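Below you'll find the structure, written out as structure tokens, and then a few comments.
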Amino acid sequence: MRTSAATRPRRVLWHVLALALLGLVMYPLVWVAGAAVTPTHEIVGNTRLVPAQPVLDNFARALEGMAGIPVWRFLANSLLLAVLTVTGIVASSALAAYAFARLRFRGRNTMFVLMIGTLLMPFHAVIIPQYIIFQQLGLVDTYVPLVLGKFLATEAFFVFLMVQFMRQLPRELDQAARIDGCGYWGIFWHVIAPLSRPAFGTAAIFAFIWSWNDLFAPLIYLNTPEKFPIPLALRMYADQTSTSDFGAMIAMSVIALVPVVLFFLAFQRLLVQGMATSGLKG
Amino acid sequence: MVLGLAATGCGGGEGGGAPEIRYSWWGNADRAEMMREAIALFEEENPDITVTPTFSEYDTYWEKLSTQVAGGGMPDVLQMDNAYLREYSDRGVLLDLGGQEGGSLDTGGLLEGLSTAGVVDDARYGVPIGGNTFSLVYAPELFEEADVPMPEDGWSWKEYDEALTAVSEHTGSDPYGAADYTGLIWVLEAQLRQEGGALFTDDGRLGFSRDRLAEFWESAADLREDGAVVPADEAEQVKPLAPLGANLAASEFTWDNMLTRYVEESDLDLELAPLPTDSENSGQYLKPSMLLSASAQTSHPDASAELIDFMINDPRVAEIFGGNRGIPATEAQREAVDYTEVDQTIVDYEDERMSDLQEAPPAPPAGAGALETEFIRLAEEVHHGQMGPDEAAGEFVDFAERTLSS
């Protein structure tokens, strides 16, 4: 009763500010959507959101693909890489995290610290030794260098995220499961894994987006154009030494955004839960 | 031809089995499509050689190549930039194609000004694909309207400054008379060459003093103050376009093959003109726009040379590419192209200038690419008024000494 009169204007102000901020954040995205249907020579330096005369040429040129490779091929490659990455990361990180969170073994803390330490190592510091190894194994120009590590829980960020989540699951549940006859595997499979779904969902979304947007690793390891994922193809439209086709590039960006958005929508409920419960700040 | 070479005892060099050549280049999507056609033609003619293509955009191309060089997965044949040629040849990763010259590689058809391009310390580490020359691109109609003398052979820097100021006044700075030309290291190079100097000395050190650089940056200070050239912040806003392409300027110095791109971007009719000079000397030369090199580790040096030879000499390859790789470096390819109107303008311009073009400087020292980047950064500081010409010149010379001596 007493509060409503005082808070009403404050709430309105709050919403107006939030909407203004949203507009600011959304502007680049809306601009991209507008630019995708703007004739290519009008794009650069243009701040308008809606073109005077929308055209679909950009999409036509983007869909043509390049060097005889249709655009769906790049999309399919990206999708395959993303699916393998997500599967690998969720499966292997979950097992590693379970070990760190629940099992007691010699050197556990040291190993945990070492694992966190790998987070501090920039990718560029390991790229050349890594390249030499894969080159010697004859695995360059295959997807193995891009996904092998994902199946071996080398992405410390995801292991850490899941450890944090699993640590706050009540231990009484493990004990109850043990009394019912579960071993380590049974506890993981029947108790920890089902309860950790929000953390798995969060990891899946991040892994998907990172893999989908990754340019550098595919650039280094892939040679055959037929194996390129979409970010490599995207870069080809803006070569500084020749004529750039910004229209086709932006149209292709929009096409490339669709799967990420769909994936996000499908998993966002889990993402929010995961963020709220794992102590991860977004 | 391949059989003949195998018989002359290159068997040791050629690995057993059918040669498979990995060929890597940078460029846009159009170029990838053209390459596919050219490679198909090559494979048709050399059924025993297989070419595996790979490509990326310019920046990422160099990131990838440096990893491959360090990790041992270099392509057999690769596109090379003159600015990086010495860096890679000094590291010993490029093949000296001298052994293939006269055999599977014919360099006899190269234009006179380009015949020594790609040669470093007497070894042929690269073969030019195309050449270009540093020039002025301008909009004749705006110069005419402002009633200033048109650019011509032997005009002076003062005349150019006056012309661009008059154009700016006449158009009310829409567009400006010119882009700020002191942002380009190539303009400095042209001026140095006109004075009889060079950007780098023969032993790979800086060819100019701190004072000379400060003077260069200072030289356009009045133009900046009078608002005769495009202000730094406006040039910043239109990136990645250049001021000329964004209709901000009526003239700009650049490599002549860039005309193709500017014509597409700008609303104005554009022409090429010789550089202004205060001496007898234009300072212009034919620079290799890109080269082809082979890897020192390749197990198929002859097949690699064969591919390079095909790419630079075969007239049908030139027909496929048109102006995409710049104006071809060999006579045979130059004549074969059915040029577009713009490309024809460039060819005519180069033919006309040919007698005035000087011998090209030797391949720049390792680190030249980094120097150009630093030059652009410091020039922008000066243009924005964040740094004085003296201070910036001092910083550049220090940076150059560190970079070139390491």
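Model, not experiment: these values are computed from the prediction.
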State, to 0.1 Å, how close B:Thr67 and A:Ile127 come at their nearest heavy-atom pair, and which atoms those are. CG2-CG1, 4.3 Å

Quick one: closest heavy-atom pair of B:Gly73 and A:Tyr131, and the distance? CA-OH, 3.7 Å

Within the side chain of A:Gln135, is there an N or O that forms a donor-acceptor pair under 3.5 Å with the backbone of B:Gly71? no

Given that the side chain runs from C-beta out, which part of B:Glu37 has a heavy atom under 4.5 Å from chain A: side chain, backbone, both or neither? neither

For A:Pro225 and B:Pro53, work out which heavy atoms get closest and say how close. CD-O, 3.2 Å

Enumerate by number any residue of residues 140-156 of chain A whose heavy atoms lie under 4.5 Å from heavy atoms of chain B; in the absence of such residues, state 'none'. none

When the 4.5 angstrom heavy-atom criterion is applied to B:Arg325 and chain A, the contacting part is neither

Atom CD of B:Glu63 and atom CG of A:Leu219: how far apart are they, to the nearest 0.5 Å? 6.5 Å

Contact summary for B:Ala70 and A:Ile132, nearest pair of heavy atoms: O-CD1, 3.9 Å

Close side-chain approach of B:Arg36 and A:Ile69, heavy atoms under 4.5 Å: no

For the atom pair CD (B:Glu57) and CG (A:Leu232), what is the distance rounded to the nearest 0.5 Å? 10.0 Å

Does some side-chain heavy atom of B:Asp59 sit less than 4.5 Å from a side-chain heavy atom of A:Arg235? yes

Which bit of A:Phe228 is near chain B, if near means a heavy-atom gap under 4.5 Å: side chain, backbone, both or neither? side chain

Does A:Leu215 form a side chain to side chain contact (heavy atoms under 4.5 Å, CB included) with B:Thr60? I'd like the steps, not just the answer. CA-CA 9 Å; A:Leu215 170 76; B:Thr60 49; 4.0 Å; yes

Test item: B:Lys64 side-chain N/O and A:Phe216 main-chain N/O as donor-acceptor pair under 3.5 Å: no

